[in-house]
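Structure first, commentary second.
First listed ligand is number 1; within each ligand, the first listed atom is number 1.
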Amino acid sequence: MSDMRTLGEFIVEKQHEYPTASGELSSLLSSIRLAAKIVHREINKAGLVDITGGFGSENVQGEQQQKLDVYANEKFKAAMAARDQVCGVGSEEEDDVVIFDEAHGLNAKYVILMDPLDGSSNIDVNVSVGTIFSIYRRISPLGQPANLDDFLQPGNKQVAAGYIIYGSSTMLVYTTGNGVHGFTYDPSIGVFCLSHENMRIPEEGTIYSINEGNYIKFPQGVKKYLKYCQENEPEDNRPYTSRYIGSLVSDFHRNMLKGGIYLYPSTAAYPSGKLRLLYECNPMSFIMEQAGGKASDGKQRILDIKPTELHQRVPYFVGSTHMVDKVEAFLRDSPDQE
Ligand code: AHG
Ligand code: MN
Ligand code: MN
């Protein structure tokens, strides 16, 4: 008999490790799994849109074709709304939080924050994209609509976080605070299979990922760190390697498997960094710490930042612990004049 474990089986198995668990979080993860399959299907036929009808045109059912990020947003939102565990959703694609204030939403325990399609500019060129999600227990009382404070909790309050990478294969990677586990999708049977149990990032890595086009306005410490990577050879006769896909999920996933650092510091266009604290940095930081790595804004732990706004941005340094320590040290030693 095969010892293959599916995501569904794994979730049920893990639920038994928490004697007080009521199964609601498991059910919520199942809705995410379903939405992931739907988005996988759509992304895998994205190239066909041009020959079967472009975005903005009508498809065969007479429906308007949507951009994939809008499509992913709708699918994940609908999956959340269909279950009884979610009282509201915050999304990179929505200006404001979406509160589920009908009967089951009022008594639901969890809020979700998500980036439904990360790296969306890569879609047109057939390069990997992702979805990122983050789950919190609400702090407002049950029986009433959720409010903004439920969404503005620091990342250290997350109960689960994960991402889906739609790459050369589709994978779902998640944590509930007990290690990081990865599942690869087998489209022929429509099932996510456990392929990466207990993922760990090497403490030291050799890959750095940054959009170097923004170099001129980088903080001094980041410039020095890049120079350090270019002048040193962590392995004999082999310098650090630069790799940048331009979708956080993909760069992060590669670096977590191989060892490396992803950097998005402040730039001319984005003085506070480009990435969003609630939809991108918090969930990825929770995963990274659970995999044994580190996530920082250059000075402090990402997960300890108290958010003040839904769409808040933050400088971001995430990856192998020693590499993040190093860039923090350069930033400390070479402060920029304000
Ligand atoms: P999104 O597609 O959700 O807007 O996110 C894109 C983000 C992130 O995924 C990526 O690493 C980064 O923006 C790339 O930014 P640059 O093109 O400025 O390098
Ligand atoms: Mn994104
Ligand atoms: Mn996005």
Original post:
Under 6.0 Å between ring centres, would you say that holds for Phe133 and Phe76?
Top reply: no

**OP:** Please name the residue in the list Glu280, Gln158, Gln153 that meets the side-chain hydrogen bond (donor to acceptor under 3.5 Å, both in side chains) test with Ser134.
**Re:** Gln158

**OP:** Using only heavy-atom distances, determine whether the side chains of Ser250 and Ser247 contain a donor-acceptor pair under 3.5 Å.
**Re:** yes

Original post:
For residues Thr241 and Arg243, is any side-chain donor paired with an opposing acceptor at under 3.5 Å?
Top reply: no

**OP:** Answer yes or no: is there a side-chain heavy-atom contact under 4.5 Å between Tyr316 and Ser285?
**Re:** yes

Original post:
For the residue pair Phe252 and Tyr163, is the inter-centroid distance of their aromatic rings smaller than 6.0 Å?
Top reply: yes

Subject >> Short side-chain donor-acceptor distance under 3.5 Å, Lys224 and Ser334 >> reply: yes

Original post:
When you check the space around the Mn ion (ligand 2), which protein N, O or S atoms turn up under 2.8 Å?
Top reply: Asp115 OD2, Asp118 OD1, Glu280 OE2

Original post:
Is the NZ or CZ atom of Lys223 positioned over Tyr215's six-membered ring, under 6.0 angstrom from the centre and within 45° of the axis?
Top reply: yes

**OP:** Could you please provide the protein residues found below 4.0 Å of ligand 1 on a heavy-atom basis, arranged by chain and number?
**Re:** Glu92, Asp115, Leu117, Asp118, Gly119, Ser120, Asn211, Tyr244, Gly246, Ser247, Leu248, Tyr262, Tyr264, Lys274, Leu275, Glu280

**OP:** Indicate the ring-plane relationship of Phe10 and Phe183, choosing parallel, tilted or perpendicular according to the 30° and 60° boundaries.
**Re:** perpendicular

